[in-house]
K.L.:
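Let me begin by handing over the structure; questions about it come next.
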Amino acid sequence: MQYDVIVAGGSFTGLSAAMQAARARRKVLVIDAGEPRNRFAEHSHGFLGQDGRSPSAILDEARRQLLAYPSARIQSGRANDAAVAANGFELRLDNGEAFGAARLVLATGVRDLLPEIPGLAGQWGRTVLHCPYCHGFEVAGGALSVLATGPLSMHQAELITDWGDVTLFANGLFEPDADQMRSLEKRNIRFEPAPVTELEEDGSGGLVVRLAGDRSAKVRAVFTAPRNEMASPLADQLGCAFNEGPLGRAIVVDDKQQTSVPGVFAAGDAARLMHNIAFSVAGGAMAGVAAHQSLVFG
Ligand SMILES: Cc1cc2nc3c(=O)[nH]c(=O)nc-3n(C[C@H](O)[C@H](O)[C@H](O)COP(=O)(O)OP(=O)(O)OC[C@H]3O[C@@H](n4cnc5c(N)ncnc54)[C@H](O)[C@@H]3O)c2cc1C
């Protein structure tokens, strides 16, 4: 079936893009595998008008509002293959179904590559956190920590001091130089070089961080900055250009969310180095408007 616009990924970015195309009365198909990045968190924060709601409640309402437009459709499934076709582009799903469109919006997000420490993955989005603007307020005021994933974690530790008393667990990954040590001391950040062997719930909402050498520390939360990777192969298959960031790649886009491949737009976590819902929704809206205008003026 042929559409004006196909949006790959139907979370915050994709639904926002599709909303603009649907309001322009264009036939728009959203293909979504149903795994938004923040599905591990009970509550979402910092997105205006939706603060404290669950991610799934926000997305359910967005889907309901989008589907009120007669030219919008949502298809569950994973788009595994993208290719240039006679009338634009073709996307093929994991069940073999294929859909065509004149324009594509890539809104498939990124996947987090969590540090492999026993007990960590089960706490992701609960007491193991990546973004203080999303979850810092809720855990503020006590003993906090940063689990290093590389030298850039110095910067994360310095930032987190605005939310509590910070221990930087280097996890054997790096040794601060004299200047960096002075900077940590200036901000009263404790530096712990030993490898972290396990994280355990402490029974009162916090965590016990177990260290090599049979030592441990109690903290309210662990912040960490995992590396991430594209959640879908679509941008690579289409030949989109990428930027390399400190934690992973992002699709190169211009200020209209146009990628290096004409007719392919991208937004949200997949096309930015700094990630949150408000940025994603804004980028998605721009991509939807730009995809529509490119149909009118292109
Ligand atoms: C634990 C955690 C908590 C967070 N909390 C907050 C918060 O409180 N506030 C905040 O502002 N931000 C928060 N964030 C960041 C926020 O989740 C992201 O910025 C946001 O989800 C990005 O939206 P997106 O639509 O670009 O990507 P996603 O929300 O990740 O959605 C991508 C969608 O595309 C689908 N998809 C992927 N590949 C394919 C494919 N091949 N075919 C079809 N569909 C596909 C996925 O299944 C998913 O549904 C949090 C992140 C994490 C990890």
Side-chain angles (χ1 to χ4, degrees), residues 6-19 29-59 62-63 74-82 91-95 97 99 104-114 120-139 221-238 247-248 250-251 253 257 266-285 287-288:
I6 290 181
V7 180
S11 175
F12 302 98
T13 305
L15 294 172
S16 174
M19 177 65 96
L29 174 69
V30 176
I31 300 171
D32 187 36
E35 291 183 341
R37 186 177 174 202
N38 60 348
R39 63 190 179 281
F40 305 96
E42 225 173 295
H43 303 283
S44 158
H45 293 281
F47 179 31
L48 198 65
Q50 305 288 337
D51 195 46
R53 289 187 81 192
S54 76
S56 61
I58 300 172
L59 290 171
R63 273 190 291 269
I74 300 176
Q75 168 77 43
S76 295
R78 190 171 291 279
N80 281 336
D81 287 302
L91 284 195
R92 191 167 289 278
L93 269 57
D94 42 10
N95 67 1
E97 241 180 313
F99 300 95
L104 273 189
V105 177
L106 301 179
T108 44
V110 298
R111 196 180 293 128
D112 292 296
L113 305 170
L114 299 179
L120 186 144
Q123 291 298 320
W124 180 235
R126 301 172 64 202
T127 54
V128 177
L129 307 163
H130 76 305
C131 164
Y133 301 98
C134 302
H135 305 289
F137 189 89
E138 285 64 38
V139 297
V222 170
F223 284 85
T224 194
R227 283 197 66 77
N228 54 63
E229 63 181 12
M230 289 288 118
S232 90
L234 304 176
D236 284 296
Q237 290 168 353
L238 290 161
L247 297 174
I251 302 167
V253 289
Q257 307 296 141
D269 285 8
R272 300 180 51 88
L273 295 177
M274 196 179 254
H275 303 150
N276 79 21
I277 295 173
F279 298 153
S280 300
V281 168

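When a ligand or atom number is given, it counts from 1 through the structure's own listing order.
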K.L.:
Going from NE2 on His43 to SG on Cys134, what distance comes out if it is rounded to the nearest 0.5 angstrom?
P.N.:
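His43 atom NE2 to Cys134 atom SG measures 14.0 Å (nearest 0.5 Å).
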K.L.:
Where does the angle between the aromatic ring planes of His135 and His130 fall among parallel (under 30°), tilted (30 to 60°) and perpendicular (over 60°)?
P.N.:
tilted
K.L.:
Using distance alone, determine whether His275 and ligand 1 share an N or O pair under 3.5 Å.
P.N.:
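In this structure, His275 places no N or O atom under 3.5 Å from an N or O of ligand 1.
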K.L.:
Which bit of Phe40 gets closer than 4.0 Å to ligand 1, counting heavy atoms only: side chain, backbone, both or neither?
P.N.:
neither
K.L.:
Going by distance only, is there an N or O of His130 that falls short of 3.5 Å from an N or O of ligand 1?
P.N.:
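No, no N or O pair falls under 3.5 Å.
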K.L.:
Quick test: of every protein heavy atom, which one is nearest to atom 3 (C) of ligand 1, and how far off is it to 0.1 Å?
P.N.:
His135 NE2, 3.3 Å
K.L.:
As an exercise, identify every atom of ligand 1 less than 4.0 angstrom from a heavy atom of Glu35.
P.N.:
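So the answer, numbered in order with elements, is 46 (C), 47 (O), 48 (C), 49 (O).
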K.L.:
Give the single entry among Asp269, Val30, Leu15 that approaches atom 18 (C) of ligand 1 most closely by any heavy atom.
P.N.:
Asp269
K.L.:
Side chain or backbone, does Ser232 bring an N or O within less than 3.5 Å of an N or O on ligand 1?
P.N.:
no
K.L.:
Could an N or O of ligand 1 be found under 3.5 Å from any N or O of Ala270, whether backbone or side chain?
P.N.:
no
K.L.:
Test your reading of the model: is there a side-chain donor-acceptor pair from Asp112 to the backbone of Leu114, 3.5 Å cut-off?
P.N.:
no
K.L.:
Measuring from atom CG of Asp51 to atom CZ of Phe137, what distance do you get when rounded to the nearest 0.5 angstrom?
P.N.:
9.5 Å
K.L.:
Using distance alone, determine whether Asp32 and ligand 1 share an N or O pair under 3.5 Å.
P.N.:
yes
K.L.:
Which heavy atom of Ala285 sits nearest to which heavy atom of Ser16, and what is that distance?
P.N.:
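What the structure gives for the nearest pair is N-OG, 3.1 Å.
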K.L.:
With atoms numbered from 1 as shown, which atoms in ligand 1 lie under 4.0 angstrom from a non-hydrogen atom of Ala231?
P.N.:
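Those of ligand 1 that fall under 4.0 Å from Ala231 are 38 (N).
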K.L.:
Taking the minimum heavy-atom distance to atom 26 (O) of ligand 1, which of Val281, Thr108, Thr13, Val7 ranks first?
P.N.:
Thr13
K.L.:
For ligand 1, which atoms, with element, lie under 4.0 Å from some heavy atom of Ala107?
P.N.:
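Listed by number with element: 32 (C), 33 (C), 34 (O).
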K.L.:
Taking only heavy atoms of Asp112, which atoms of ligand 1 are found under 4.0 Å from at least one of them?
P.N.:
53 (C)
K.L.:
His45 heavy atoms, cut-off 4.0 Å: which ligand 1 atoms fall inside?
P.N.:
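Matching atoms, with element in brackets: 7 (C), 8 (O), 9 (N), 10 (C), 11 (O).
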K.L.:
Nearest 0.5 angstrom please: Ser11 OG to Ile277 CD1, how far?
P.N.:
7.5 Å
K.L.:
Can you measure from OG (Ser56) to CZ (Arg39) and round to the nearest 0.5 angstrom?
P.N.:
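Here the interatomic distance stands at 12.5 Å.
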K.L.:
Give the atom numbers and elements of ligand 1 that come within less than 4.0 Å of a heavy atom of Gly77.
P.N.:
43 (C)
K.L.:
Is the contact between Trp124 and ligand 1 made by the side chain, the backbone, both, or neither, using heavy atoms and a 4.0 Å cut-off?
P.N.:
side chain
K.L.:
I'd like to know if the side chain of Thr108 and the backbone of Ala231 have a donor-acceptor N/O pair within less than 3.5 Å.
P.N.:
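No, because the side chain of Thr108 does not come within donor-acceptor range (under 3.5 Å) of the backbone of Ala231.
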K.L.:
Among Val7, Ile74, Val281, exactly one meets side chain to side chain contact (heavy atoms under 4.5 Å, CB included) together with Leu15. Which residue is that?
P.N.:
Ile74
K.L.:
Check whether any N or O atom of Ile277, backbone or side chain, sits under 3.5 Å from an N or O atom of ligand 1, and answer yes or no.
P.N.:
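Right, the criterion is met.
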K.L.:
Ala79 heavy atoms, cut-off 4.0 Å: which ligand 1 atoms fall inside?
P.N.:
40 (C), 41 (N), 42 (N), 43 (C)
K.L.:
Less than 3.5 Å between some nitrogen or oxygen of Ala267 and one of ligand 1, yes or no?
P.N.:
no
K.L.:
Can you give me the closest heavy-atom contact between Gly109 and Asp269, atom names plus distance?
P.N.:
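Shortest heavy-atom separation between Gly109 and Asp269 comes out as CA-CB, 4.1 Å.
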K.L.:
Give the atom numbers and elements of ligand 1 that come within less than 4.0 Å of a heavy atom of Gly125.
P.N.:
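Listed by number with element: 1 (C).
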K.L.:
In Å, rounded to the nearest 0.5 Å, how long is the span from CD of Gln237 to CG of Leu106?
P.N.:
10.0 Å
K.L.:
How long is the gap from CZ on Arg78 to CG on Leu234, to the nearest 0.5 Å?
P.N.:
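Interatomic distance, Arg78 CZ to Leu234 CG, rounded to 0.5 Å: 9.5 Å.
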K.L.:
Taking atom 23 (O) of ligand 1 as the point of reference, which of Ser280, Ala82, Pro233, Gly14 owns the nearest heavy atom?
P.N.:
Ser280
